[in-house]
2 protein chains.
Amino acid sequence: MRESKKKRLEKKGWQVGSVDEFLGLSDEESQYIELKLRLSEAFRKERRRKKLTQVETARVLRSSQSRVAKIEAGDPSVSVDLLIRSLFALGTTSSELGRLVASRERAAAT
Amino acid sequence: MRESKKKRLEKKGWQVGSVDEFLGLSDEESQYIELKLRLSEAFRKERRRKKLTQVETARVLRSSQSRVAKIEAGDPSVSVDLLIRSLFALGTTSSELGRLVASRERAAAT
DNA sequence: GGTGACTATGCCGGATGCGACATGAACTCG
DNA sequence: CGAGTTCATGTCGCATCCGGCATAGTCACC
């Protein structure tokens with residue numbers, strides 16, 4: 001897409017909310033990436049809250065365990081589309097999703 | 001798409017926001033579709049607010065006029081991914097986007 | 001050490017979304 | 001009536017995304 005999708009974000013090396021300009025990302029891009037991170041974290045949190053394994057969750061989503069793992073890992077092959085559909089499938093409501101989208105800060109891990 | 005799912009919905013006639021069960025959509029699916037609609041409407045509204053033509057907007061998005069038209073038409077070939085990236089490109093902030101995502105009602109036309 | 005439950009990573013074929021182009025419709029002005 | 005501007009629609013080639021399989025890592029418990 002845009003030229004190169006910018007480095008693969010250096011494995012796990014990154015810190016909360018600021019892959020940003022460090023890599024020369026435009027505002028829109030970093031907003032977009034951070035949104036993805038928030039959503040994938042929320043997804044994992046919700047899955048755990050429901051005490052589901054990835055396998056069980058995959059069944060709910062009608063997908064596979066590996067997809068679920070990738071969703072939670074924020075894998076580049078996971079789109080916001082999939083994240084949102086998955087959250088809905090776990091029962092997240094529009095207003096909850098709205099709060100997730102809005103919150104600029106990523107929640108602390110549990 | 002996916003199988004049945006049973007949904008209740010007692011919506012009166014067929015007001016804004018309910019293509020719903022009428023077509024046998026599951027809750028998640030209709031939530032997802034309505035989200036798309038809200039976003040595409042917001043996009044058009046924002047473009048107009050900025051007094052941009054579709055061609056100018058396409059330049060901003062680094063895309064084409066026809067894509068912009070499809071975005072606004074809620075064309076099935078437009079993903080939520082694209083909608084969100086496009087809104088960001090028009091300057092929508094995360095919190096504004098959050099409100100859009102959350103609001104169950106679609107705004108009245110202008 | 002071995003087994004089982006859970007999760008992560010790599011890869012592949014097929015599906016879908018994307019930008020781009022071409023064309024058409026609706027409208028306004030002269 | 002053109003000609004210009006704006007938006008809509010159809011199609012196409014290519015890139016990306018997705019589901020699923022296979023496999024490897026991690027942890028707990030015996």
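Every chain is numbered from 1 and lettered A, B, ... according to where its sequence line falls, protein lines coming before strand lines.
Between R44(B) and dT6(D) there is no side-chain N or O to OP1 or OP2 distance below 4.0 Å. A close approach under 4.0 Å does not occur between any side-chain nitrogen or oxygen of R67(B) and OP1 or OP2 of dC7(D). Of the side-chain N and O atoms in Q65(B), none sit less than 4.0 angstrom from OP1 or OP2 of dA8(D). Dashed line: the shortest gap from a side-chain N or O of S79(A) to OP1 or OP2 of dC18(D) is under 4.0 Å. OP1 or OP2 of dC6(C) has not a single side-chain nitrogen or oxygen of R47(A) nearer than 4.0 Å. Side-chain N/O atoms of S63(A) include one lying less than 4.0 angstrom from OP1 or OP2 on dG19(D).
Counting only heavy atoms from C-beta outward, the side chains of L83(A) and S40(A) approach each other to under 4.5 Å. Residues L35(A) and L100(A) have side chains not in contact (no heavy-atom distance under 4.5 Å, counting atoms from C-beta outward). The side-chain heavy atoms of L97(A) and F88(A), taken from C-beta on, include a pair separated by under 4.5 Å.
Atom CZ of R48(B) and atom C1' of dT6(D) are 11 Å apart (whole Å). Atom CZ in R85(B) sits about 11 Å away from atom C1' in dG19(C), given to the nearest Å. Note: CG (L82(A)) to P (dT16(C)) measures 14 Å, nearest angstrom. As a whole-Å value, the separation of Q54(B) CD from dA26(C) P is 16 Å. Taking atom CG on D75(A) and atom C1' on dC18(D), their separation rounds to 11 Å, with Å as the unit. Rounded to an integer number of Å, the gap from NZ of K51(B) to C1' of dT5(D) is 17 Å. Rounding to whole angstrom units, CD1 of residue I84(B) and P of dG17(C) are separated by 15 Å. The interatomic distance linking R59(B) (CZ) with dC7(D) (P) rounds to 13 Å, in whole Å.
With values rounded to the nearest 0.5 angstrom, I84(B) atom CD1 is found 8.5 Å from S79(B) atom OG. Atom CG of L39(A) is separated from atom CD1 of I71(A) by 11.0 Å, given to the nearest 0.5 angstrom.
Between the axis at the start and the axis at the end of the helix from dG1(C)-dC30(D) to dG30(C)-dC1(D) there is an angle of 30°, using five pairs per end and rounding to 10 degrees.
Side chain E72(B) to base dA8(D): no donor-acceptor pair is found below 3.5 Å. With hydrogens and angles left out, the side chain of S66(A) and the base of dC21(D) share a donor-acceptor pair within 3.5 Å. On a pure distance criterion of 3.5 Å, no polar donor-acceptor pair joins the side chain of K70(A) and the base of dG19(D). A donor-acceptor contact under 3.5 angstrom links the side-chain atoms of S64(A) to the base of dG20(D).
Residue-level contact check: V68(B) touches neither bases nor backbone, having no heavy atom under 4.0 Å from any strand.
A salt bridge links R49(B) with E46(B): the closest approach of a Lys/Arg side-chain nitrogen to an acidic carboxylate oxygen falls below 4.0 angstrom.
Here the options are K45(B), K36(B), R44(B), the test is salt bridge (Lys or Arg N to Asp or Glu O under 4.0 Å), and the partner is E72(B); only R44(B) passes.
When only modelled atom types and interatomic distance are considered, R67(A) and S77(A) share a side-chain donor-acceptor pair under 3.5 Å.
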